[in-house]
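As structure tokens, the structure follows; a few thoughts come after it.
Residue numbers begin at 1 in each chain, while the letters A, B, ... track the order of the sequences.
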2 protein chains.
Amino acid sequence: MTVADGGRKHGATRVSLLDAGLKLFSEKGFDGTSVMEIEAAVGLKPGNGSFYRHFKTKEDLMEAVVHREIEKVRAWRAGEIVSAKGGVSRESLKNGLLQSLEGMEAIKDLMKLLAREYGQGRFPELMAQLKALLLDEGLEAFRKEYRDAIKTGVLRELDPRTLSSIVISALVGYHLSNMYFGAEPGGVSRETFASGLVELMMNKGSE
Amino acid sequence: MTVADGGRKHGATRVSLLDAGLKLFSEKGFDGTSVMEIEAAVGLKPGNGSFYRHFKTKEDLMEAVVHREIEKVRAWRAGEIVSAKGGVSRESLKNGLLQSLEGMEAIKDLMKLLAREYGQGRFPELMAQLKALLLDEGLEAFRKEYRDAIKTGVLRELDPRTLSSIVISALVGYHLSNMYFGAEPGGVSRETFASGLVELMMNKGSE
DNA sequence: GTCTATAAGTAGATAGAC
DNA sequence: GTCTATCTACTTATAGAC
């Protein structure tokens, strides 16, 4: 047990419990998931409290689950700072949007968890962290990218903050609709959605 | 008890229970809300089961709550079919968007409830109804409105279905961000958001 | 229509054998 | 690190007095 990993305990069962926790909490909610179910999901005899050899409480598991997912997102973000140098094009914009949608897809369960538990008053610090990570940081990244592109006349003349807000809202809305209802809004595919959004963002003559 | 109201029972306590149910279920979830809490919220002595003189089960209250809210939405929609005749303008578009945002604001609790309980497997018919009401019908209304405006060259040349999907996704994303995080995405006000979105939708020279 | 009282079940959590 | 057994608290729901 090193200092660097903050006292993380190893063990396959612990990892399985984290996996099962993420899945069950996001599907059925924190309250809706019993420790018995979690035990059963990882092959432990349910109702015997073997769970408590790995986590102090159910809340404890919740925190560990979210922290692990947050680290995953941070790692993904770190490898993602490529930021198309050499100007903004239809293709680079579209790719950026699709990448964001894929990023959200990758943390589907985390987003579901957030949507389900946020505002309940429980885990306030955890949820604040998630909000900053998913909304604030994402918005800031878009804003920077669009600011310059607007100056060059490639993108429509619009306050970069407003444009970023619209774009990220559209992406989040599209993703959530997919996530919750299992269907693309209006049957519009990811590709078409991204292309259409790029079309709206760009000035007509621009390439 | 008339036939027309489907056997609705009158009584102030029942109405209070519906109000408290909507509030508590949307805030803390169905599982996270106990019958005791609901009783306490309406001034009944908690834990004595007086609740059960009004509703057969807790599930029963949930269904009654959602049905009442659905009726509210339908009534609101019915009075809403004004649909700016005489062409689409910047102002009429913006007003339409703002009206949609206000509509979502008005059913905030219902949307929160939907987000929290949908996909949990419980109340599947109820949730399917909500989805159709909020997403499908809203999208169809937008699509019809935009179809003609695109033909006249006022709006950008884009498949009406795609445009509707983008617009409704943006509105939903913006609203959810407000709802969950208590802050406008990027600090962009409703007015600015709607204006910006209209700007993106319209052709540059159009009025 | 609200109260007292309570039944029956299930939740989170612990002690200790193996 | 999993199992048996159990404690305590809380939940939904009911029976019956007023």
Pairs flagged by ring pair (Phe, Tyr, Trp, His ring centres under 6.0 Å) wherever residues 160-180 of chain B is involved - sequence neighbours left out: B:Y174-B:F193

query: Got a sec, which residues hit side chain to side chain donor-acceptor pair (under 3.5 Å) with A:K108, two or more places apart in sequence or on another chain?
result: none

field: Carboxylate-amine/guanidinium proximity below 4.0 Å for B:D31 and B:R116
entry: no

By side chain to side chain donor-acceptor pair (under 3.5 Å) - contacts of B:D19 (at least two apart): B:R68

Can you check nucleotides 4-8 of chain D for protein contacts, nitrogen or oxygen pairs under 3.5 Å, and list what you find?
unit_1 : atom_1 : unit_2 : atom_2 : d
D:dT4  : OP2    : A:K45  : NZ     : 3.2
D:dT4  : O4     : A:N48  : O      : 3.2

Proximity to DNA chain C (any heavy atom under 4.0 Å), residues of residues 28-39 of chain B only: none

- prompt: Between A:E59 and B:G43, who's closer to the 5' end of DNA chain C by nearest nucleotide?
  reply: B:G43

- line: Closest of D:dA13, D:dG1, C:dA13 to the A:T57 side chain is C:dA13

task: Mark yes or no: B:K58 above the aromatic ring of B:F30, with NZ or CZ under 6.0 Å from the six-membered ring centre and no more than 45 degrees from the axis.
output: yes

task: Look at the side-chain N and O atoms of A:Y52 and state whether any lies under 4.0 Å from the OP1 or OP2 oxygen of C:dA13.
output: yes

message: For B:R90, is there an ion pair with B:E199 - N to carboxylate O distance below 4.0 angstrom?
response: yes

query: Any ion pair linking A:K94 and A:E91 (charged N to carboxylate O, less than 4.0 Å)?
result: no

message: Can you list everything that forms a side chain to side chain donor-acceptor pair (under 3.5 Å) with A:S177? Sequence neighbours excluded, please.
response: none

- prompt: Atom NE2 of A:H54 to atom C1' of D:dT2: distance rounded to whole Å?
  reply: 8 Å

